[in-house]
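Quick note on labels: first sequence line is chain A, next is B, and so on, each numbered from 1.
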Amino acid sequence: MEYDFRAIEKKWHEKWAGQGTYKVVEDSSRPKYYVLNMFPYPSGAGLHVGHPLGYIASDIYARYKRQCGFNVLNPMGYDAYGLPAEQYAIQTGQHPAVTTEKNIARYREQLDKIGFSFDWDREVRTCEPGYYHWTQWAFQKMFGSYYCNKCQCAQPIEKLIQHFEKQGTAGLDVACSEELTFSPAEWNAMDEKRKSDVLMNYRIAYQGETMVNWCAGLGTVLANDEVVEGVSVRGGFPVEQKKMRQWCLRVSAYAQRLLDGLDTIDWSDSIKETQRNWIGRSEGTEMQFKVKDSDIEFTIFTTRADTIFGVTFMVLAPESELVAQLTTAAQKADVDAYVAAVRKRTERERIADRKVTGVFSGSYAINPLTGESIPVWISDYVLAGYGTGAIMAVPAHDSRDYAFAKHFGLEIRPLIEGCDVSEESFDAKEGIMMNSANAELNLNGLTVKESIAATKRYVTEKGIGRVKVNYRLRDAIFSRQRYWGEPFPVYYKNGIPTMLPEECLPLQLPEIKDYKPTESGEPPLGHATEWAFDTKSNKVVSKSLIDNVTVFPLELNTMPGFAGSSAYYLRYMDPKNDNALVSAQADNYWKCVDLYLGGSEHATGHLIYSRFWNKFLKDLGVSVVEEPFAKLINQGMIQGRSNFVYRIKDTNTFVSLGLKNQYDTTPIHVDVNIVSGDVLDVEAFKAWRPEYETAEFILEDGRYICGWAVEKMSKSMFNVVNPDVIIEKYGADTLRMYEMFLGPLEQSKPWDTNGIDGCHRFIRKMWTLFTDRDGSLKISDDAPSKEELKSIHKLIKKVTEDIEAFSFNTSIAAFMICVNELSQLKCNKRQVLTDLVKLIAPFAPFIAEELWEALGNSTTVCDAKWPEFNEDYLKEDSITYSISFNGKTRFTMDFAADASQDEIQAAVLANEKAQSYIDGKPIRKVIVVPRKIVNIVL
RNA sequence: GCUCGAAUGGUGGAAUGGUAGACACGAGGGACUUAAAAUCCCUUGACCUUUACCGGUUGUGCGGGUUCGAGUCCCGCUUCGAGCACCA
């Protein structure tokens, strides 16, 4: 019986499919375990060997858990809506629905070959109406909710309306875009449109006129996490700030819960830290400043209330509404010019060029503690979107204020004893205060910390300020001016956004011919002809029927990519349910994802949105847990290992790596698939590109050696390795083993096909443990020897510990050692080999099934009980200790395994050789390290 | 600038404060073979010593410290990676 992996893998693939081996149903008699991978975007390029890394790791864990008796949910699906899918469609000139379908089929084919234990009956696709029904449903629920700060949860908007009717805004503590004040009478007098606008200020899904990241290159607005350094993450197009009316999600309302939740989940510190940074909680003080010779008051936010006596000017953000109010007639021309100039600058220019700029408004504010008049300036170093868009400037103790003061020649007043502010500001929150006293408040002599507390207390009591917590986290912009996304289930009733009745969901994405985005931001859905809502028949009808009486226009924007990926883990629990996102019964059984695997690049995107979305669903009573992903592992990226050939300049001659320094050469990327062990297949190279057909080579030792470098795996570097090619040559089991063997799961590491032979040899070596050269099974029912039992139980212990710690590379090393030992021992004992098959099953399921069957089992190895470790087999009769003097090993001694430390110590000191080292010198210390070393310190 | 993480042979990487370099690749040598492939065995951090065996020195980015003993812990750097960044 030769190890014919192609036949074996085909056979088991069919059996698994035929027998529904991986079908999962809720089973209250067994504990559940939910393993999940971040589902892929089905891109046009197909999978490369980097993609399945996380899937393999989670599949190993899922299979292990199943063998340990858990009912394991391990689903897979596709994140099919969104920018990448649409960009690919546009590039290839095909409809996104067509390319998406094609790409999914290709992904599925590739995934299937690797032997995953996915329950494909639970597959979800975000672009299918049966799925996005519930994305739209959740959006409607968010629209119909506001966030109560008192009870820290979402509430139905009807409750808020009742409050307005009875009390207006009095006694309200809710999340909002801006603080409004009105009486019940005023509320009741509002017309429908006005009421709608007011409620938008409170809804969790709301429409707001906000500064957005507008990307003309992609023809859409983007969320903050989709923009890096002023350009779009997708495509790298410039992004500018623009005021637009957009749908937004009030993620900021959940900032504190998102922060607190981090302490309850098992995620890496680095990703928690990233999220904490992104949420950016900052505890400070809001203070009122009166404007001189005016009844205008404005509020600033500061974390350094203690420095109030050092304020020498104020600064407003150019976008602030106060700018118009505070600018004096004399300064108006200058201010207008400045504001216009700032508006012209894109985000990118602001980042690239951080010049100090600003303009005086002409007004003065009154310092509430000193009564001094202080000039109010306008500068773009103050951001409109953070705090109140206005600050008090303390140049002595803030480097930005310092730079501004120096530039415009404003006063710098130090407040901390002994600090030198002649060259730079003293920003540290330490030291003893000075120059900080008025008739009622004396901070002099206090530490900075004490002063902050004292000032907070003072301004609160005096009613000139209050303690305030600010967050950097902004609301998520939820509209995209693109075609390929979930349509909003919204129509416009005379300008008032209105939700479609729930029974009309899902609102299906219409087929249109021209789905390309437009530079002006006009959504492609504007081209749809059947895109109006008839409130009489509750049907989508032609736009030509719009009469704004019973037939109204539908929303033209679509939802962003993260909409569909925010609650998909819930849908896997109950993917075919037409009546609910998930049934209470399924939800109560599976609860949350126990193990979530994916890349760390989603730290500030998907992983925030998903947590937010889940918290909202929890408030609604749909999700049963506060945090959706109990444990998160971020697998590292697989990088490419590129190969180079060296062309001598202006020739078609290529010189081997070792000789290239003798010539003037240009390195050229060469396809890694025609290079083996850094040796170029010269004939394949000639056939690779027409221009190389006549290439000549300068060889060393008769071979052409290529150079190499680790780079991102990408088509343009010709270093993409397709898993299909590896599987064809070595089999899926070898691929799985090798991906895990490459290195620690969470670390980025380069793919190097050269090393794969080691894993393939291991698989074949294991095969020969079971079979004779003539192909017959060579299993014996004799009792195993002591050595054999020791070897396999060492493995059981190591592999069990390593899987629990997700240290798969070291467990594979342990397999290699064990199989080597068993080969040396010529072990053919059923008991030992049965355990070996059970242990290898999660890693190499195909060969495990084949051998499991060969051992005479009729069930699948997936349900084979995980072997139990027995410590007795590892016990040794005697242990060799190294005897050291002053840290240097001198000789060895054997002791019984159960010898006590005292016995060992006494025996060593009585030993003749030891005596010769001691040689009458006093012994300071004897250290007996269990099972290892006896160190005698003289 | 702030926060977090990393640095070990030619390569990927192992090492609860206890014999650094497991395991694998690559390389070198050998066995089998007409030959090759496949397979198996040996060597493989560097340096020194030796005909050989044996033996020695040194060695985990750099500089200190704690300890009988440090890749591992502490302090101070260097370099690389990641996140945040006029966030008041």
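A syn base is found at rG9(B): its glycosidic angle is within 90° of 0.
Under 4.0 Å is where a charged nitrogen must lie from a carboxylate oxygen, and between Asp4(A) and Arg6(A) no such pair does. Using a cutoff of 4.0 Å between basic side-chain nitrogens and carboxylate oxygens, Arg761(A) and Asp757(A) are not scored as salt-bridged.
Between His602(A) and His606(A), the ring planes are perpendicular. Angles over 60° get that label, and only those under 30° would be called parallel.
For the pair Tyr402(A)/Ile412(A), a side-chain contact is recorded, criterion being any heavy-atom separation below 4.5 Å from C-beta on. Looking only at side-chain heavy atoms (C-beta outward), Ile923(A) and Leu909(A) come within less than 4.5 Å of each other. Considering only heavy atoms from C-beta on, Leu326(A) stays 4.5 Å or farther from Ile378(A) through its side chain.
Rounded to whole Å, the separation between the C1' atoms of rC86(B) and rC74(B) comes to 36 Å. Distance noted for atom P between rG29(B) and rU50(B): 25 Å (whole Å). Using C1' as the reference atom, rA7(B) and rG71(B) are 11 Å apart when rounded to the nearest Å. Using atom P as the reference point in both rC47(B) and rG59(B), the two lie 15 Å apart (nearest Å). Across the C1' atoms, rG65(B) and rA70(B) are found 11 Å apart, a figure rounded to whole Å. A distance of about 15 Å separates the P atoms of rU60(B) and rC73(B), rounded to the whole Å. Going from the P atom of rU72(B) to that of rC62(B) covers 11 Å, rounded to whole Å. Only the C1' atoms considered, rG45(B) is 16 Å distant from rG12(B), to the nearest whole Å.
Under the Watson-Crick or G-U wobble criterion, with both distances below 3.5 Å, rC77(B) is paired with rG61(B). With a cut-off of 3.5 Å on both pairing distances, rU19(B) has no Watson-Crick or G-U wobble partner at all. Pairing for rC40(B) goes to rG30(B), judged as Watson-Crick or G-U wobble with the two contacts each under 3.5 Å. With a cut-off of 3.5 Å on both Watson-Crick or G-U wobble distances, the partner of rA82(B) is given as rU3(B). rC54(B): no Watson-Crick or G-U partner with both key distances under 3.5 Å is found in any strand.
Proximity note for Thr604(A) (side chain, C-beta onward) versus rA88(B), rU39(B), rC84(B): the nearest is rC84(B). Comparing atom distances between the Val929(A) side chain and each of rC86(B), rC23(B), rG18(B) picks out rG18(B) as nearest. For Leu383(A), the listed nucleotide lying nearest its side chain is rC86(B); candidates were rA24(B), rC86(B), rU39(B). Distance from the side chain of Arg472(A) is smallest for rC84(B) among the nucleotides rC25(B), rC84(B), rG83(B).
With rounding to whole Å, Phe426(A) atom CZ is found 16 Å from rG1(B) atom C1'. Atom P of nucleotide rC23(B) and atom CD of Glu821(A) are separated by 10 Å, given to the nearest angstrom. Per the geometry, NZ belonging to Lys712(A) stands 16 Å off C1' belonging to rG81(B), to the nearest Å. Atom CZ in Phe885(A) sits roughly 22 Å away from atom P in rG18(B) (whole-Å rounding). The distance from atom CD1 of Ile608(A) to atom P of rG83(B) is 15 Å, rounded to the nearest whole Å. Between Trp767(A) atom CH2 and rA38(B) atom C1' the separation is 18 Å, expressed in whole Å. The separation between Asp306(A) atom CG and rA88(B) atom P is 14 Å, rounded to whole Å. Note: CD1 (Ile933(A)) to C1' (rG17(B)) measures 11 Å, nearest angstrom.
Nearest-nucleotide positions on RNA chain B place Ile812(A) closer to the 5' end than the other of Ile812(A) and Phe301(A). Nearest-nucleotide positions on RNA chain B for Cys759(A) and Lys765(A) put Cys759(A) closer to the 5' end.
Applying the 4.0 Å criterion to OP1 and OP2 of rG83(B), one finds that Arg276(A) has every side-chain N and O outside that range. Arg761(A) has no side-chain polar atom (N or O) that falls below the 4.0 Å cut-off from OP1 or OP2 of rA38(B). Contact annotation: Tyr381(A) does not reach the phosphate of rA88(B) (side-chain N/O to OP1 or OP2, under 4.0 Å).
Heavy atoms of Ser882(A) sit nowhere under 4.0 angstrom from any nucleic acid atom. Using a 4.0 Å heavy-atom distance criterion, Glu801(A) is classed as making no nucleic acid contact. Contact annotation for Arg474(A): base contact, defined as any heavy-atom pair under 4.0 Å involving a base atom.
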Which letters describe nucleotides 65-74 of chain B, given B = protein heavy atom under 4.0 Å from base, S = only from sugar-phosphate, - = neither? ---B------
How does protein reach along nucleotides 3-14 of chain B, written 5' to 3' as B (base within reach of a heavy atom under 4.0 Å), S (only sugar-phosphate), or - (no contact)? SS-------BSS
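A 6.0 Å sphere centred on NZ of Lys797(A) holds no more than 12 heavy atoms belonging to other residues, nucleotides or ligands.
A cation-pi arrangement is absent between Arg611(A) and Trp278(A) under the rule of less than 6.0 angstrom and at most 45 degrees off the ring axis.
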Give the C-alpha distance, both sets of side-chain angles, the deciding distance and a yes or no for salt bridge (charged side-chain N to carboxylate O under 4.0 Å, His left out) between Arg276(A) and Asp263(A). CA-CA 11 Å; Arg276(A) 285 194 192 103; Asp263(A) 296 330; 3.3 Å; yes
Stepwise ring-ring contact (aromatic ring centres under 6.0 Å, His included) check, Phe404(A) with Phe313(A): CA-CA 10 Å; Phe404(A) 193 83; Phe313(A) 59 101; 5.4 Å; yes
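Side-chain contact of Asp427(A) with Ser425(A): a donor-acceptor pair under 3.5 Å is present, judged by distance alone.
A centroid separation of less than 6.0 Å is found between the aromatic rings of Phe815(A) and Phe843(A).
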